[in-house]
> 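For reference, the structure I am asking about is given below.
Counting convention: from 1, in listed order, for ligands and their atoms alike.
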Amino acid sequence: MLTQAPKGTSDILPGQSGKWQYLEGLFRDICRRYGLKEIRTPIFEHTELFVRGVGDTTDVVEKQMYSFDDLAGRNLTLKPEGTSPAARAFVENGIFSEMQPTKMYYITPCFRYEKMQKGRYRQFHQMGTEIFGTESPLADAEIVSVAADMLDALGMKEIELRINSVGCPTCRAKHRDALKAFLADKYDGLCDTCKGRFNKNPMRILDCKSKECQRLVQGAPVMLDYLCDDCSDHFEKFKSVLTDMGIEYTVDPGIVRGLDYYTKTAFEFVSTKEMAQGTVCGGGRYDNLVEQIGGPATPGVGFGMGIERLMLLLGEEGISIPEEEGPDYVIVTMGDEAVSYGTALAGKLRKKGRSVLMDMMGRNFKNQFKYANRVKAKKTIIIGGDEVKNNSFSVKNMETGEQISVSAEEIDKL
Ligand code: HAM
């Protein structure tokens, strides 16, 4: 137990973190191109935020939250997603009174008590974006474009964009009636959770994972056929902007998303390979969320991209992330005097911004070179007794094998 991380969590080890930094760096850079600014919200929030925001009939709230009472009896929850906290921060800090839209992004761990499987973890990480303050379908398309740019930049090909509209409370009421009428004589076959959803939120039944419920909802009325003029118009414009942007998509009326705050646009980027956890990115519009958690009526749209799933799909496509570079120098020394000379030199070079490693394991001369090779050093600096005496040293380029002599005065050249 002591030496085992909790189920569903994993360490990002020193040998792997370079890949994470690469993906995060790429994401940050793409967000910069769109004027999205980073937001960092706390790891835990008041439980009520997610109950209100994500919705009390969703799997996330019903079954998956890591909630606990703190010592003062406040009920808190480790964030299962990033949108509700971003909306809370938008309200709490009065950002709504600034010039809109507000464009933000985040990279955050999320926590959901899920049944563990490949691509489904209890602590996972999301790179997410949110645009608050505009109803324009341009924002929806721009959000999709950020995700598409990220996947494109990585060279991913076996992924498709599926879009849908889940309407607004007005048109959803009609769909809800039609759905209930369709499901009425199938009620007895539904799982217990869906029986509970039948009156509270029948649309959730479309998203149930139970095989029997999935069978029963086949042929159910789809939201797209019930859109009001406003939602239908929004969906048409959204599609037309995607076309302007050169982004290909498939309309999939089956996309209902697992969280309750969505209105109008819903979308997912899904692997085209047959795999269980193929959804790498999901998002959509949430025009009522801010008001629902107590803020002024403010529309919003965004996405969350799972970093672990992204890595999994990169692996499936055989795409490798560039390896982390080795250090600029490994200083190879012979004798105590050389160690002390090398230590001082390492300090000077690090102050100049170079990365410099030295042996700390008492390796002999030959093994220090092995070490330099293993850590992929670009160059080695070789220091022995003569070098200390002459105040100069050899610098060997590990790729070409070329070796030059450098005097202490010439250190600026390194
Ligand atoms: P979500 O669909 O629940 O949406 O999650 C977004 C992405 O997070 C998924 O597509 C998946 O890649 C990843 N993910 C979710 N659960 C897990 C898990 N248990 N293990 C590994 N990866 C997982 C949201 O969270 C919304 N907040 C997205 C959003 C932002 N909508 C609007 N703005």
> Quick one about T83 and Y261 (side-chain donor to acceptor, distance below 3.5 Å, no hydrogens or angles considered), yes or no?
yes
> Considering only the protein, which heavy-atom contact is closest to atom 33 (N) of ligand 1, and what is its distance?
E130 OE1, 2.8 Å
> For atom 19 (N) of ligand 1, what's the nearest protein heavy atom and its distance?
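Nearest protein contact, heavy atoms only, for atom 19 (N) of ligand 1 is E114 OE2, 2.7 Å.
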> Tell me whether Y34 at atom OH has more than 12 heavy atoms from other residues, nucleotides or ligands lying less than 6.0 Å away.
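More than 12 heavy atoms, drawn from other residues, nucleotides or ligands, come within 6.0 Å of this atom.
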> Please could you name the atoms of ligand 1 that R120 approaches to less than 4.0 Å, counting only its heavy atoms?
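Answer, ordered by atom number: 19 (N), 20 (N).
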> Does at least one non-hydrogen atom of C281 fall below 4.0 angstrom from an atom of ligand 1?
yes
> Pick whichever of F303, F111, Y262 has a heavy atom sitting closest to atom 31 (N) of ligand 1.
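Residue with the shortest heavy-atom distance to the ligand atom: Y262.
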> Assess, by modelled atom type and distance only, whether the side chains of Y286 and Q292 contain a donor and an acceptor separated by less than 3.5 Å.
no
> What pair of heavy atoms forms the shortest contact from K396 to I382, and how long is it?
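It is CB-CD1, 4.1 Å.
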> Which atoms of ligand 1 have any heavy atom of V280 under 4.0 Å away?
10 (O), 12 (O)
> Within a distance under 4.0 Å of any heavy atom of G284, pick out the atoms of ligand 1 and give their elements.
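This gives 32 (C) as the contact atoms.
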> Give a yes or no on whether the backbone of M116 and the side-chain of E114 come within a donor-acceptor separation of less than 3.5 Å.
no
> Quick check: closest heavy atoms across A297 and E291, and the distance to 0.1 Å?
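Heavy atoms only, the tightest pair is CB-OE1, 3.6 Å.
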> Give the single entry among T279, L313, T129 that approaches atom 10 (O) of ligand 1 most closely by any heavy atom.
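Heavy atom nearest to atom 10 (O) of ligand 1 belongs to T279.
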> Mark the output for R257 as yes if a heavy-atom distance to ligand 1 is under 4.0 Å, and as no if none is.
yes
> What residue and heavy atom of the protein are closest to atom 7 (C) of ligand 1, and at what distance?
G304 O, 3.5 Å
> Which residue owns the protein heavy atom closest to atom 24 (C) of ligand 1, what's the atom, and how far is it?
L259 CD1, 3.5 Å
> Between Q123 (side chain) and S10 (backbone), is there a donor-acceptor pair under 3.5 Å?
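No, Q123 side chain to S10 backbone: no donor-acceptor pair under 3.5 Å.
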> Can any side-chain N or O of Q64 pair as donor or acceptor with the backbone N or O of R122 at less than 3.5 Å?
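Not at all, since once roles are kept as given, no pair shorter than 3.5 Å links the two residues.
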> Check ligand 1 against G282 and write out every atom of the ligand that is under 4.0 Å from a heavy-atom position of the residue.
10 (O), 28 (C), 29 (C)
> Which residue and non-hydrogen atom of the protein lie closest to atom 13 (C) of ligand 1, and at what distance in Å?
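Its nearest protein heavy-atom neighbour is G306 CA, 3.7 Å.
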> Of the protein's non-hydrogen atoms, which lies at the shortest distance from atom 14 (N) of ligand 1, and what is that distance?
F124 CE1, 3.4 Å
> Backbone N or O of L414 within a donor-acceptor pair of the R354 side chain at under 3.5 Å?
yes
> Sub-3.5 Å donor-acceptor pair from the side chain of T47 to the main-chain atoms of L76, do we have one?
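Side chain of T47 to backbone of L76, a donor-acceptor pair under 3.5 Å: yes, one is there.
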> Taking the side chain from H175 and the backbone from V166, do they hold a donor-acceptor pair closer than 3.5 Å?
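Answer holds: no.
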> For atom 32 (C) of ligand 1, state which one of G119, G302, G278 supplies the nearest heavy atom.
G302
> Taking a cutoff of less than 4.0 Å between a non-hydrogen atom of the residue and any ligand atom, is F269 in contact with ligand 1?
no
> Considering only non-hydrogen protein atoms, determine which one is nearest to atom 27 (N) of ligand 1 and report residue, atom name and distance to 0.1 Å.
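Result: E81 OE1, 2.6 Å.
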> Write out the residue and atom name of the closest protein heavy atom to atom 25 (O) of ligand 1, then the distance separating them to 0.1 Å.
Q126 NE2, 3.0 Å
> Just wondering, are more than 12 heavy atoms of other shown residues or ligands nearer than 6.0 Å to CG in D185?
yes
> Check whether any heavy atom of G283 sits under 4.0 Å from an atom of ligand 1.
yes
